[in-house]
Amino acid sequence: MATTKTDPKLNAVSAEEKKGKTYEGLTRQQLIDAYRIMYASRRVDDREILLKRQQKIFFQISGAGHEAIGVAAAFCLKPGYDWFYPYYRDRALVLALGATPYEMLLQAVGAADDPSSGGRQMPSHWAYKRLNIVTQSSPTGTQILQAVGCAEASIYLRNHPQVTEKVSGDYRQFKDVTFRGDEVTYVSLGDGTTSEGEFWEALNTASNKKLPIVFVVEDNEYAISVPVEVQTAGGNISRLVSGFPNFQFEEVDGTDPVVSYAAMKRAVAHCRAGKGPGFVHAHVIRPYSHSLSDDERLYRPDVERQRDAARDPINRMQMFLLREGLLDENGINKLEKQVEDEMQAAVDRALEAKFPTPETITNYIYSPDLDPTSAQLDAQPVFPQPVDAPAVDGKKPAPALPKTMAELINATLRDEMKRDERIVIFGEDVADASREDYLKKKLVKGKGGVFKLTAGLQMAFGSDRVFNTPIAEANIVGRATGMATRGLKPVVEIQFFDYIWPAMMQLRDELPVIRWRSNNAFSSPLVIRVAIGGYLTGGALYHSQCGESIFTHIPGLRVVFPSNALDAAGLLRTAIRCDDPVLFLEHKRLYRETYGRSHYPGPDYTIPFGKARIVQPGTDLTVITYGAVVPRALQAAQRLEREDGVKVELIDLRTLNPFDWETIAASVSKTNRALVAYEDSLSWGYGAEIAARIADKLFPQLDAPVRRVAAMDVYVAYQPILEDAILPQANDLFRGMKELAEY
Ligand SMILES: Cc1ncc(C[n+]2csc(CCOP(=O)(O)OP(=O)(O)O)c2C)c(N)n1
Ligand SMILES: [Mg+2]
């Protein structure tokens, strides 16, 4: 547990008289170890500050003042057994769990061998796979909901232990899934970070679900320059959270390792016993300003800083060891010298480390193991044999009708859930009924989603596999990310694309970045199904939005947008079996459209990503589109052929990241004319990138400018006359195609 080996000679002082005496259960040896780690932690900070001044590292943020609570927490938890989401001040905790100063310095210099990120993240952004310390980022508070998801995964895995078995053929082949049964998730944050909404969403879920997670708020009374009373109503977070049920609450002097240990022990015991979450509010200090870019003397007077200095945990611990006769001055000096020597060796080694090379930059944006564009995923549909049903009253029943996109998505989810018990489905209203008693007593039929896409799944697979969440989109995506880190496969739903924005921090800064920023140590493959789009007649501003280009702009996130039932089934199955996070956009208007219905293509029907479909071949003009514009463009193309004899090659991209450049290039090289059509507003939309690429790469082949047809640069209005005028219609597409063909 200690960073450095214990020197038995240090134990010589008063060993006899102190034999057997413990402090809140901490032995003399543990207290000496605690001091050694705390001191080492402070010295790593000091050395980093020096290195920064020498311009050998590029950033520094310290754990100074937070050492005692960190070591106390680590002493109550088990590395590689429990799970950790520590924030940047947790250097002492991370050292106490088993990381080394050398490893930390590797991150500071940006070394290729930095085990946390391979030189991709700033120092103090911890990730140590062997210790179950999950990759951490810079946004304040995004770790909290993920930690909640991690704690939920512990319970799920305990109830479904067989899912830890490796299965080949999909993402499960590449992920070790472990659980212990009584493991606890640790998550920490600063006082300022309690102002983030995600903090409250996390407490809500942890409390409601009695999760084994301990929240540690390290309250140094400042968030950069903003004091705690500005962040927190009344100035004390403990008072505000005290109404959450099922918690073990502790408020403690976090500069004192002994009382901190006692508080942490009670909180962790509560979690391990399955009684609910813990909340430890630790009052600490921040003696080194916020970071090396901050000078706290600009906003804190000397008198306040001196008051803090009197509580410095390093001095206090040293005094404690001396006062209690646990170590004498000689012992302290020896210990500090030992740490110092080791630190020097670590610095010397880290400064010799190799740097990552630019060829490695794009490694691990996506899974290196499973390629969702692989031709192996190009399956043939297996449609059911038509059954010759017997005549009833002399009348033969009509043959089974093709199914809607909504029905095939539901059927695909059902078959995948049957096949893979790691799949959990959650979101707003996705369950049949949260009060499952009503279902059991058959008092209600069940809802299963506002569009009924998940209907019947809770009844078929149980309430721990399909469940409702609070109306909190960050909660959905953040928890899903934590679960996926542990190896589950969340297939979550965002009810309307218009309401995806509260999850944006998780979607931009967390989920798609986890693999890259941890240099492939962690990953969170999952699926987010989102109902998107307009043409609804009355959908108005807040039930009609597109905006897919915002997400195709995010490296690490796959984006899928099917236009018909068969593609939806095949692409959703690929999304679920994939090893990357996937945003699966389902157009509401297409859910029950007559266009593009299909029989169910069987339980193994997959379509590779990045493979467009040629909806109709043509020789005169290429139209590139996707989603609900596909049937409209088809209608326009058919009219153009009828009236003017122009043969349009219509391409349905099906997936937007990756996208099928080969098919586009081959088609445009043949037709020499390209029109890109999309439902989102024209400027800066998805088609802008496609148009730019065509203009750039295929310029010699073009006989006309690249054109776009899209929505007006405005919101979708409620009145149908306005909606029709705002969104691209078959007539607009017809006009655009005709003009381009005649150019
Ligand atoms: C979402 C977000 N907003 C702003 C920042 C910039 N920032 C970094 S740390 C910090 C203050 C955090 O204060 P607190 O939670 O009290 O932690 P402390 O640094 O005091 O330990 C801020 C505003 C950020 N990293 N993330
Ligand atoms: Mg703070």
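Each ligand, and each atom within it, is numbered from 1 in the order the structure gives.
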Salt bridge or not for [X] and [Y], using N-O below 4.0 Å?
X: R311; Y: E221; value: no
X: R517; Y: D509; value: no
X: K209; Y: E152; value: yes

Could you tell me, atom by atom, which parts of ligand 1 come under 4.0 Å of a heavy atom of [X]?
X: R89; result: 18 (P), 19 (O), 21 (O)
X: Y222; result: 16 (O), 20 (O)
X: G190; result: 14 (P), 15 (O), 16 (O), 17 (O)
X: N220; result: 18 (P), 20 (O), 21 (O)
X: T193; result: 15 (O)
X: P139; result: 26 (N)
X: M505; result: 1 (C)

Check each of [options] against [atom] and report the one with the nearest heavy atom.
atom: atom 16 (O) of ligand 1; options: S137, S62, G192; value: G192
atom: atom 26 (N) of ligand 1; options: I61, T140, D219; value: T140
atom: atom 23 (C) of ligand 1; options: V226, V217, L189, I224; value: I224

Handout entry: Non-hydrogen atoms of F75 and Q30 that approach each other most closely
Key =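 Distance-wise, the nearest heavy atoms are CE2-O, 3.4 Å.
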
Which protein heavy atom lies closest to [atom], and at what distance to 0.1 Å?
atom: atom 21 (O) of ligand 1; result: Y87 OH, 2.7 Å
atom: atom 9 (S) of ligand 1; result: Y88 OH, 3.0 Å
atom: atom 25 (N) of ligand 1; result: S138 O, 2.9 Å

Exercise for the section: Mark the output for E196 as yes if a heavy-atom distance to ligand 1 is under 4.0 Å, and as no if none is. Expected result: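 Per 4.0 Å heavy-atom rule, E196 contacts ligand 1.
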
Problem - N, O or S of D191 under 2.8 Å from the Mg ion (ligand 2) - result: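 An N, O or S atom of D191 is closer than 2.8 Å to the Mg ion (ligand 2), so yes.
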
Practice task
Tell me, please, if Y222 has any N/O/S atom, main chain or side chain, under 2.8 Å from the Mg ion (ligand 2)?
Solution key: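 Within the cut-off used here (under 2.8 Å), Y222 does place an N, O or S atom near the Mg ion (ligand 2).
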
Handout entry: Flag for T481-Q146: side-chain donor and acceptor within less than 3.5 Å
Key =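 Distance-only check fails for Q146 and T481.
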
Practice task
Would you verify that at least one protein heavy atom lies under 4.0 Å from atom 6 (C) of ligand 1, or report that none does?
Solution key: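 No, no protein heavy atom sits under 4.0 Å from atom 6 (C) of ligand 1.
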
Problem - H66 N/O under 3.5 Å from ligand 1 N/O - result: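 Min N/O separation from ligand 1 is not below 3.5 Å for H66.
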
Handout entry: Polar atom proximity, E218 to ligand 1 (N or O, under 3.5 Å)
Key =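 Checking ligand 1 against E218, no N or O pair falls under 3.5 Å apart.
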
Does atom [atom1] of [X] have more than 12 heavy-atom neighbours, drawn from other residues, nucleotides or ligands, at distances under 6.0 Å?
X: Q54; atom1: CD; answer: yes
X: Y542; atom1: OH; answer: no
X: L351; atom1: CG; answer: yes
X: K210; atom1: NZ; answer: no
X: Y715; atom1: OH; answer: no

Problem - Exam field: side chain S116 to backbone A127, donor-acceptor pair closer than 3.5 Å - result: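 Checked: pair present.
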
Problem - Parallel, tilted or perpendicular: rings of F279 and F247 (30°, 60°) - result: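 If you compare the ring of F247 with that of F279, the planes turn out perpendicular.
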
